[in-house]
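Note sheet for the following structure.
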Amino acid sequence: MVKYIKQGWLVLTLATVFGAALAGVHLGLKPLIEANKKRAILQRVPQMVIGYEAAEAAKVAGNISVKPDEGLVEVVVEGESARYEVSLPVTLDMGSSGEQYLVYQVRDENSNVLAYIARVKGLGFADVIELLVGFSDNGQVIRGLYVLDQKETPGVGNKIEFREFAGQFDNLPFADLMAENVDAETGATSGVKQIVKVVKGKADLSKKDGLIDAVSGATVSSKAVCDIVNRTIVACVENWAADKISGFKYPSDSEEK
Amino acid sequence: MSGSDGPTPMERFIAGILPDNPVYRQLLGMCPTLAVTGSMKAAMTMAGACAFVLICANILISAIRGLLKPHLRILVFTLTIAAFVTIADRILAAFMYDMSKELGPYIPLIIVNCLIICRCEVCSSKQGITTSFFDAVGQSIGFAIALASMATVREILATGSWFGQELFWVAGTSGEAYRWSLMGLPPGAFFTLGLLLGAANLISTRFAKKQDLIEG
């Protein structure tokens with residue numbers, strides 16, 4: 001034992017020092033990184049409310065401005081200005097797994113609820129994938145999907161961020177798909193509700209039937225995204241039924257008080 | 001594993017820029033050279049991150065070179081490089097979030113960039129801190145020059161812009177006639193690297209012949 005410590009003391013010491021240094025860096029920079037992610041979430045709000053094409057056109061024209069501290073997003077589309085307010089997140093349980101996820105509510109200037117955005121994570125092929133899943137105000141349609149963070153294989157799995165894959169989730173009604181429990185490829189009964197299902201080249205993109213064309217060569221990454229979306233839908237439906245998706249607080253509410 | 005013999009700091013510095021350029025002479029760091037040189041901004045961000053990791057790793061390895069055991073040195077190198085890469089990754093996520101997302105997994109992949117572990121093995125584990133520092137700076141400048149040359153060719157040909165700014169012959173037009181989209185894709189990266197490598201070899205050969213003629 002002493003022989004091994006004499007051999008490896010430098011490695012052990014460096015590992016301890018580097019571990020402490022990395023913990024310090026992580027603690028110090030975490031608020032900044034979270035603020036950046038909050039900004040990224042706000043910039044995706046127009047996509048979940050007015051649709052991807054209109055949002056991208058506004059973004060390219062420089063017509064989207066965000067104020068992260070106030071939770072405000074201002075968009076100009078075809079000369080008309082709209083302002084959306086994003087709530088502070090509510091933390092909810094994802095079923096009985098012990099995992100938790102965040103939900104934001106989006107409302108307009110007249111306090112009409114426009115959309116909900118769930119910020120969820122799940123294991124991908126290489127590392128954790130973090131997604132934003134937008135829901136309609138009635139909670140029955142997926143408005144859109146945005147990959148907030150991923151470290152999948154470059155040129156293969158990272159294509160889950162591209163429109164060809166993520167766009168398949170736009171305006172996807174799932175209320176009629178909730179009974180599905182069977183894997184579309186293998187026919188096996190799945191433990192996770194297969195509301196959206198990955199298929200290889202068989203999806204009819206004109207139909208919103210829950211069949212999602214996998215990224216070629218990245219079935220694992222594609223299935224990971226669908227699993228995350230399925231778990232999110234199930235959790236949201238359960239939480240809506242239990243009236244847990246409520247009580248949203250807005251930054252402007254505390255200012256008024 | 002310490003020693004005071006070997007090239008001087010200035011020799012290390014100058015060698016890293018062109019004579020021992022990490023990309024065009026040593027053929028190291030090919031992965032980021034091909035992957036992130038679609039635009040100058042991404043290329044220069046990668047060059048900056050590599051420079052940070054290379055300089056920090058070289059200094060630290062040189063400082064502890066007397067304590068390194070031969071059969072554990074690679075482990076120590078990798079541990080050191082991984083720590084600094086993680087710090088660089090977090091700094092980018094905090095201060096350059098959009099670029100961090102654009103570069104994606106290529107920042108963590110700096111850990112396996114052969115350039116950095118090569119300098120640890122060749123220089124910093126054998127020479128003092130000053131020499132190691134200048135070696136790291138020279139190699140970093142050389143790497144940045146290589147990435148900049150690749151990115152300049154690819155971005156101008158693929159998008160008609162440089163550093164995201166449209167060039168004068170494209171501005172005011174739809175730009176379609178000036179864009180060769182293949183250059184933004186992996187085949188374009190290989191073509192560009194091959195041609196620039198050939199050019200670097202040609203220049204190097206002619207320079208060597210001239211040196212031989214001068215020295216008689």
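The chains referred to below are lettered A, B, ... by the order of the sequence lines, with proteins before strands, and numbering in each begins at 1. A quick note: this is a predicted structure, and the numbers were derived from the prediction, not measured.
In this structure, B:Phe190 places its CZ atom where only 12 or fewer heavy-atom neighbours from other residues, nucleotides or ligands lie under 6.0 Å away. Heavy-atom contacts from other residues, nucleotides or ligands closer than 6.0 Å to OH of A:Tyr104 number more than 12. Taking a 6.0 Å sphere around CZ of A:Phe125, one finds it holds 12 or fewer heavy atoms contributed by other residues, nucleotides or ligands.
Your options are B:Pro186, B:Gly104, B:Ala35, B:Ala93, and the one with the most heavy-atom pairs under 4.5 Å with chain A is B:Ala93. Between chain B and the options A:Asp149, A:Leu22, A:Thr153, heavy-atom pairs under 4.5 Å are most frequent for A:Leu22. Counting heavy-atom pairs closer than 4.5 Å to chain A, the top residue among B:Ala83, B:Ala82, B:Ser100 is B:Ala83.
Heavy-atom minimum distance, A:Lys151 versus B:Pro108: CE-CG, 4.0 Å. Across every non-hydrogen atom of B:Tyr97 and A:Leu148, the tightest pair is OH-O, 3.9 Å.
Neither the backbone nor the side chain of A:Asp127 comes within contact range of chain B, judged by heavy atoms closer than 4.5 Å. In this structure, the portions of A:Ala15 lying under 4.5 Å from any heavy atom of chain B include both its backbone and its side chain. Within the 4.5 angstrom heavy-atom criterion, no atom of A:Glu34 approaches chain B. Heavy atoms of A:Val25 lying under 4.5 Å from chain B belong exclusively to its side chain. Both the backbone and the side chain of B:Leu67 come within contact range of chain A, judged by heavy atoms closer than 4.5 Å. In this structure, the portions of A:Lys37 lying under 4.5 Å from any heavy atom of chain B include both its backbone and its side chain.
The shortest distance between side-chain heavy atoms of A:Phe18 and B:Leu60 falls below 4.5 Å. Side-chain contact check for A:Leu10 versus B:Lys69: every heavy-atom pair is 4.5 Å or farther apart. Counting heavy atoms from C-beta outward, B:His71 and A:Gln7 have side chains that approach closer than 4.5 Å.
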Subject >> Pair A:Glu161-B:Lys101, side-chain contact (heavy atoms from CB on, under 4.5 Å): steps then yes or no >> reply: CA-CA 11 Å; A:Glu161 286 187 327; B:Lys101 272 191 70 70; 3.7 Å; yes
**OP:** Check the pair A:Ile33 / B:Phe95 against side-chain contact (heavy atoms from CB on, under 4.5 Å), numbers first and verdict last.
**Re:** CA-CA 8 Å; A:Ile33 295 172; B:Phe95 297 107; over 6 Å; no
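For the pair A:Asn36 (side chain) and B:Ala94 (backbone), a donor-acceptor distance under 3.5 Å is present.
Atom CG of B:Asp98 is separated from atom CD of A:Gln43 by 6.5 Å, given to the nearest 0.5 angstrom.
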